[in-house]
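A, B, ... follow the sequence lines: proteins, then strands. Residue 1 opens every chain.
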Amino acid sequence: MKKSIAKYNPSEIEPKWREVWEKEGTYKPDLESSDKPFYNLMMFPYPSAEGLHAGNMYAFTGADIYGRFKRMQGFSVFEPIGLDGFGIHSENYALKIGKHPMEQAKISEKNFYRLLHETGNSYDWSRTVETYDPKYYKWTQWIFTQMFKKGLAVRKKSPVNFCPSCKTVLADEQVITKIKNQRSKIKDGKEELDGEKVGVCERCETIVEKKNLEQWFFKITDYAERLLNNIPELNWSEIVKIAQTNWIGKSEGMSIEFKIQNSKFKIEVFTTRPDTLFGATFLVLAPEHEIVASLLESRIKNQESRIGEIREYAEKAKKKSDLERQAEGKEKTGVFSGLYAVNPVNNEQIPVWIADYVLASYGTGAIMAVPAHDLRDFEFAKKYNLGIKPVIRDLEEKNKNELAEAYSGDGEIMNSQDWNGWKYPQDKEKVFKWLEEKKIGQKKAHYHLRDWLISRQRYWGPPIPIIYCRKCWEVKSEKLKVKSEQGKDYKLIDNEEWAIVPVPEKDLPVELPYIENYKPIGTGKSPLATHPEFYNVKCPNCGGDAVRETDVSDTFLDSAWYFLRYLATDWDDMPFPSVKFAQNLKLKTKNLKEIENSALRVAWLPVHMYIGGAEHSVLHLLYSRFMTMFLHDLGLISFEEPFSRFFAHGLLIKEGAKMSKSKGNVIIPDAYIKKFGADTMRCYLMFLGQFSQGGDFYDTGIEGMNRFLKRIWVLAQNVNLSEKEEDKEVLRVLHKTIKGITGDIEKLSYNTSLAKLMEFYNFISDKKTIGKDVLEDFLKLLAPFAPYLSEELFQLFLKSKIKNQKSKMNTNKQLNNKTAKFNSIHLQKWPEFDPKFLVQDKVTIVVQVNGRVRDNFKFQTSNLKLKKNVEEEAKKSEKVKAYLEGKKIIKIIYVEGKIINFVIS
RNA sequence: GCCGAGGUGGCGGAAUGGUAUACGCGGUAGUCUCAAAAACUACUGGUCGCAAGACCAUAAGGGUUCGACUCCCUUCCUCGGCACCA
């Protein structure tokens, strides 16, 4: 018997091991020479001033467990962390508390890193990244200049949300939908709220206006097809792949040209249903369409009488916000243009209308309206009394009332000359071919994906590294060819008479200046626009007076490439690791092929495992993919896809409700860590449910997890350890547990892993003596979940054993860190199960009669193969006999080692 | 409306088509204690029954199967995202 034992005291154990791990470099892989590398990445957090959020800890713990598991499996694991600190949240928080964002960032950073330390994750703290560090955003800006040089950064007019009361530009997420003129109506016996949707400012509830500003965009749409085509190859959570596919939203159809009668003008429309072309009874143009502009400018003859009405309609439509224009159930409005177009398949004259239900931003900004088969066109035709001509017959409901509503389903083509009798969608290709041969239409694809808006009219972000030069423009306008660094022409801003000059690499970063008044100003410009000392600059090209761009870039740009920065060794050199690593390897070449062959680069990238929230399924992941493709195309990295595997975790909620400050139900991990220790908190968070599904946090539940860890503590101190485990049953259960947990962690099914650890504990808890190996394996299985407790117990009770068995553990240690002296449990070899221990002498066979369980019995495994033996044994059962009495057995189904089922009459 | 994820005890949640409810929380009873807490032990889906046991339960309804939480069809509900996308 052992003497009275010390209490389990995490607040003593946890800081102690944290210090040892840090000092010993336990989690610091040698990036230059490791040969089984595993890059385990988690989405870096936005460092909120309130500190680490429970949702952060939930995500990071889940990611860390996987990293620790891989490390123990013999991989050299690189697990970095950083902060995504630029952006609107930090800026707004700074405004709220009246502290400058630059100062607040430093405070938040310190606090956040301290809390991250406590969670017990196996980070390499020698390589952190903060996006607001000028050394970091130097390269964010550099990427921008490269985008510009490749023609992928362009300026376009684009509407922004503007709050006339706050006098500031709002991000989409700052605009909330409100119902104006709310009224209730009864639908199917249920009360429903109804009304007109409007977008209002989240702070003052003023209705948000649209303001058209000249802004920078990245042409991600140029990459749409590649981004789409790579998706099937990715080892990503299926839900994310679907979300990305839908976001890119490729729709295949045809572009068809309609000539305008008595005029040289043409209207190009895009349609996914060319099979309904014979049913097109009118065309509709978006109010922004160029034909509308031509009408207003009287460039189209004989239409002058209609200009007034059209102008009035177009002006009104343009002022409407998207929300207003797209409000569901809103009655459609439009105006006749006075023009007629010719349907190219049957030469029918059809009227051309202008209506705001057609969007300028999608397709060609013009549609062919087929009211018989499109709901929106149908509504419009009804209202303005336009022709409706059915061309698809619904084969299932032949005698349906005609024209009661639009029919958009499958069917047979009719009223369409040559095509009559063809089927939709089966004969879609035939229609495409027919139209292409007659040169009426062209196959075309359209994408839902839009270009990436980079400009932010704010302060807290990296300044866009662009200079506008008047003099260079004048030179250009004199038809002199101005060459950039790359030998390409400068692009000009149309109508503005400024040449665009990217800031040369040697002048980067363009540092964000410390300015007192960083509040948004009422003009829709960045606060930097009020600081001449910032924007006045000499042109790097001609040396003349020039001005800087004063907008800053989107935070999504900061986070689109950060995973590359972690690997780079030198802040001043280019952070894209293939090049840098190749140089480190003393490769005498920058030739891409040779770099590609470098074992190091191939090994560390792309990221092996990326873990993060499903809420980033679309934007962040898509932007990162785009960025990686772009850097690949620049020849800097040799892979196109940044993340080999991506796992989306679920959302952590509190007692059935989403956590939010207004509800006052936000979980502060700090408080729980203080009370129970990080190990308990980690395990509890992971026990709540499937990591992929999220979990529901209950305060009472965490006590149970704390009890479990305490019990392990007590058991380890009380149980007698024998050199060798003799009990076959103990070994069987141990190996079953090893098998189960190993499989579960690989699937990131942590809640079931913990349940299996508990089951194993329950199984050995009443034993007086167990083998050292059994305790060791148990602690190793626990180690990824409770890194502190497992280390403490391992060092306390198994250290002596380690000294005698050098060969077993040192292989992993060498792999992870050649210089590490300390034999941490976290560098030990992950237990492997041996199938020979899983064999049982006797198994339970369940007896069913007609599929219903009636009895069970133990049976020698050596006799399992013979159905007859099992059958005889089953028939001996009194319970079963009663059911079989006087009945005829039709069939006997036997599943080896599991079940025998008598099917009776 | 569209896309996606779900619906299993009082609660969080387990179940390669093969004993539904593992594991944990909560609850009840007990041990220990002057008492309480902690810890430990036992029980804990529902109905009927003294019991043995029987029957009913995985949102609802149908189907496939010897056997369905699991596969198929229909409907309902909850959550997340997108939305006049041609």
Review point. Ignoring hydrogens and angles, does a donor from either the side chain of Lys898(A) or the base of U16(B) sit under 3.5 Å from an acceptor on the other?
Key: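 It does, because a donor-acceptor pair links the side chain of Lys898(A) to the base of U16(B) below 3.5 Å.
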Practice item. Tell whether Gln848(A) reaches the base of G18(B) with its side chain through a donor-acceptor pair below 3.5 angstrom. Key: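 Counting by modelled atom types and ignoring angles, a donor-acceptor contact under 3.5 Å is found here.
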Practice item. Please determine, by modelled atom types, if Thr364(A) and Glu268(A) share a side-chain donor-acceptor pair under 3.5 angstrom. Key: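 Side chains of Thr364(A) and Glu268(A): no pair found under 3.5 Å.
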Centres of the [X] and [Y] rings: under 6.0 Å?
X         : Y         : result
Tyr58(A)  : Phe691(A) : yes
Tyr672(A) : Phe697(A) : yes
Phe778(A) : Phe760(A) : yes
Phe556(A) : Trp452(A) : no

Have a look at [X] and say if it touches a base, only the backbone sugar-phosphate, or nothing, with a 4.0 Å heavy-atom cut-off.
X         : answer
Glu703(A) : nothing
Asn762(A) : sugar-phosphate
Lys7(A)   : nothing
Ile893(A) : base
Tyr883(A) : sugar-phosphate
Asn901(A) : base
Ile239(A) : sugar-phosphate
Thr844(A) : base

Review point. Nearest-Å distance, CD1 (Ile242(A)) to P (G81(B))?
Key: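 The answer, rounded to whole Å, is 17 Å.
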Rounded to whole angstrom, note down the [atom1] distance from [N] over to [M].
N      : M      : atom1 : value
C73(B) : U64(B) : C1'   : 11 Å
U58(B) : G9(B)  : C1'   : 10 Å
C72(B) : G17(B) : C1'   : 14 Å
G63(B) : G10(B) : P     : 28 Å

Practice item. Would you please test Glu873(A) and Lys876(A) for salt bridge (Lys or Arg N to Asp or Glu O under 4.0 Å) and show each step? Key: CA-CA 5 Å; Glu873(A) 186 69 25; Lys876(A) 284 183 198 158; 3.3 Å; yes
State the pairing partner of [N]; accept Watson-Crick or G-U wobble contacts with both distances under 3.5 Å, and report none otherwise.
N      : value
G26(B) : U44(B)
G80(B) : C3(B)
U74(B) : A60(B)

Point to revise | Residue closer to the 5' end of RNA chain B, Val853(A) versus Gly363(A) (nearest nucleotide) | key: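 Upstream on the strand: Val853(A).
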State whether [X] places a side-chain N or O below 4.0 Å from either non-bridging phosphate oxygen (OP1 or OP2) of [N].
X         : N      : answer
Asn751(A) : G12(B) : no
Arg707(A) : C25(B) : yes
Tyr698(A) : C25(B) : no
Arg852(A) : A20(B) : no

